[in-house]
Amino acid sequence: MATDSTWDSFPRRTWEDWRRSLDSPGVEPGNNRTYEKLTSLSLDGFPIQPLYGPEETSSESIDRSLLLKLDAQPGKGWQPGNKWRRVAELAHPSLQQTLLALEDEATRGLEGVWLRFDDLLRNGVFPLDLSLEEAQVRLAQRGLCLPNRESLTRLLGELDLPGCHLYLDPGRGSLAATALLIDALGTGGGEAAGVELKEVQGSLGCDPLSDAARGAAMPGAASLFRDLAVLAQWTTNSAPGLRPGMVSTAVFHHAGASPGQELGIAMASGFAQMKAIGEALGEGGDAARQILFSFPITGDLFGECAKLRAARLMWARLVGECGGSRQAQRMALHARTSWRTATLFDRGVNALRGTVETFAAVLGGADAISTAPFDEALGPGSRFSGKVAANTQLILREESFLDRVGDPAAGSWYVEALTGQLAEAGWKYFQSIEAQGGLVEALCQGAVHRDIAAMAARRREQLATRARGITGISEFPHLKEAPFEHSTKDEAHQAVRKYLAGLKEERVGSPAPPKEKRNPLQEARDALADGAPLALVSRNSAAGDLRPWPQGPLVGERDSEPFENLRAASDEVLRRTGLRPRVFLANLGSFRSHRLRSGFARRFLQIAGIECELSQELQNEKAAADAWALSSLPVVVLCGADEVYQSLAAPVARELIERGAGRVLLAGRPGEEESEWKRAGISGYLFLGMNTVKTLRQLLIELGAEL
């Protein structure tokens, strides 16, 4: 049989051949920067190339088979597929609304619940230590307000324990929340009674360093990892299915950290927890099995997929170097769609963002995934948005069959290269943290804060100039959007008022100090048994020696907030006057001439909620001034083609200023005629790449909005 040598007859092309073809005159005459235009830089500084081949995946830090090996279940061999756990986040202040959400989730095959406690408990603050107004505002955000054992018992009674994994997210209140869980399951009675703690699986959510970064101070060395050590000893003896430690990068992510910084911080935090647990249990590297990792996921599909893959590789390497077994090297990984990418306006787009973010988490190999409700920027999610969030994962699994392929991105030259680059960037940042003495010292010295602040400033600049677009906000805004009725907002405030009233009726004095030193977990249980509310027990157990830091806590910001502040100012003008801020668009020349820039100017101004009054085709300065006089709006934007500007821009601007126009802008970049146009009265320009937020903010102020 003759050998088919058809493929051998084609010439072999190299990477350099391809690059030279891009720069050839036939592709783009006179341009020798085509390749550079197709290449971008990631936030972590490495290039994102237009094309990848096997050469880009030859890094020694990449072991393509390692991820699949780590996914093998010890004693059972490798299991094909990508089985992730759908975890519903419960975060409504109202217990009644939470029970309704659980009832809804039960019909969709609930596999896990993430109990996010209220903001004050997470920060070790007792509500009655604050003013009533401040306590109400902070408690009405996303977070469960559980006052006592009975409330948690009712909630747990709706879960199919131990089949449903239980994840606690109590912040600095992890010790108090665990004490509450023990009593609710062990002696609380009701439907939850009889469930053995040894059968419950999940996490207790103790994350000392993230909690410190979110607060205003760092606990001293004596108390920083105390709760984690106590919980690790308890779970080892009584609840081996519950991981005491959690490493969440959410606070750093929301403050603006890059993926590489997230990975480095995660490794540093995990390393610190592993050492603390190892010292408490004498387990060394195998203490890694006591830790759950949780990463927020944005809509950068391939980047976030690579981030999770890199995290798993880095953790395996770190645990292996610490002497951990292959089982200990496997990262327990939870992913959640990002709060930072959620928007207040055009909220339906958030459902699409959540789909992409969930998809990225699946591709990255997360063990458990939480999809946030599309209205979370408003506060506690509604039942409808919860249904959409749940169905997002169900469609990806049941209709898209994403659970049938293990590590589906493996083998992609782009994803493999990106995984290696992120792993290297994250490992480098991890080493820089350790060189400063570890994450504790890096936080206390302000190094992490400064690094994240610099990265956040870069991201804000990219968003403000629209190098990174936000659909529905900075791109394609929709000013006619109908108001969204958030049905659970009133219930949240009612629940908070009821919760605070109940606290006032409780005995809230600090318990007397014990006569002898006892186990802190037992002390928390005793305080709860004596009737102390959970929030008070949390504050007392979280108290300790604190080292305040001058740079303050890390503060999160959603990407869309600067733009939403502009829209809010426009909404206030609309509420006050019945009309939005308006400008006059003077369309110079024919429709074909002004169409593109007129459309650009309208979309640009709508970002800030500024409406436009459009002129007809204007052929001279008198026609332009006459058309403007019918509106007498204070700001005029000239729109037209470059050749029209050369003949009409200056005379039209002069005529408008003489007739009383307050300000004349031009849609387009200033060119050689800038000096002449400035003398004629043109005082600003609208063009792609400018600082949109700064420009529109100033314009809104000129139009009477308050900012």
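Heavy atoms only: backbone and side chains are in, while hydrogens, waters and symmetry mates are out. Source: prediction; values computed, not measured.
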Does the distance from a Lys or Arg side-chain N to an Asp or Glu carboxylate O, for R340 and D559, drop under 4.0 Å? yes
Note: D211-R214 ion pair, threshold 4.0 Å (strictly below): yes
Please determine whether the number of non-hydrogen atoms from other residues, nucleotides or ligands lying under 6.0 Å from atom CZ of F401 exceeds 12. yes
What pairs with D451 under salt bridge (Lys or Arg N to Asp or Glu O under 4.0 Å), at least two apart in sequence or on another chain? none
Is I265 close to I452 at the side-chain level, that is, under 4.5 Å between some pair of heavy atoms? yes
Would you say the side-chain atoms of D286 pair up with the backbone N or O of S325, donor to acceptor, closer than 3.5 Å? yes
At what distance, to the nearest 0.5 angstrom, does CG of L396 lie from CG of D403? 10.0 Å
Donor-acceptor pair, distance only, cut-off 3.5 Å: does the side chain of E111 make one with the backbone of R86? yes
Would you verify whether the NZ or CZ of R397 falls within 45 degrees of the ring axis of W84 while also being under 6.0 Å from that six-membered ring's centre? yes
Is it the case that the side chain of D367 and the backbone of L333 share a donor-acceptor pair, with hydrogens and angles ignored and the cut-off at 3.5 Å? yes
Does any N or O in the side chain of S400 come within less than 3.5 Å of the main-chain N or O of L402, such that one atom is a donor and the other an acceptor? no
Mind checking the OG-CD1 spacing from S370 to I297? Nearest 0.5 Å is all I need. 11.5 Å
Distance, nearest 0.5 Å, that separates CG of D207 from OG of S269: 5.0 Å
Answer yes or no: is there an ion pair linking E304 with K307, defined by an N-O contact shorter than 4.0 Å? yes
Could you tabulate the donor-acceptor pairs under 3.5 Å formed by side-chain atoms of residues 243-259, not counting sequence neighbours?
residue	atom	partner	partner atom	Å
R243	NH1	R289	O	2.4
S248	OG	A250	N	3.2
T249	OG1	E262	OE1	2.8
H253	ND1	E262	OE2	2.9
H253	NE2	S338	OG	2.9
H254	ND1	A250	O	3.2
S258	OG	D44	OD1	2.5
S258	OG	Q261	N	3.2

Quick one: sort the W427 and F430 rings into parallel, tilted or perpendicular, breaks at 30° and 60°. perpendicular
Got a second to check how far Q290's CD is from C206's SG, nearest 0.5 Å? 12.0 Å
Mark yes or no for whether R309, through its side chain, and G365, through its backbone, hold a donor-acceptor pair below 3.5 Å. no
Evaluate the side chain to side chain contact (heavy atoms under 4.5 Å, CB included) criterion for residues R353 and E357: first the C-alpha distance (whole Å), next the side-chain angles of each, then the deciding distance (0.1 Å), finally the verdict. CA-CA 6 Å; R353 292 188 181 96; E357 292 166 1; 4.1 Å; yes
Main-chain N/O of L110 paired to E105 side chain as donor or acceptor, under 3.5 Å: no
Value for CD1 (I291) from OG (S203), rounded to nearest 0.5 Å, stands at 10.5 Å
Identified side chain to side chain donor-acceptor pair (under 3.5 Å) counterpart of N350 within the set T343, T341, T355: T343
Cationic N near anionic O, under 4.0 Å, R226 to E279: no
Please determine whether a side-chain nitrogen of the Lys or Arg among E321 and R317 lies less than 4.0 Å from a carboxylate oxygen of the Asp or Glu. yes
Compare all side-chain heavy atoms of V87 with those of H165 and state whether any distance is below 4.5 angstrom. no
Taking T236 for the side chain and A232 for the main chain, is one N or O donor matched with an acceptor at less than 3.5 Å? yes
F302, CZ: over 12 other non-hydrogen atoms inside 6.0 angstrom: no
What distance do Q421 atom CD and Q49 atom CD have between them, rounded to the nearest 0.5 Å? 7.0 Å
Under-4.0 Å salt bridge between R558 and E564: yes
State whether a side-chain donor-acceptor pair under 3.5 Å links T371 with Q393. yes
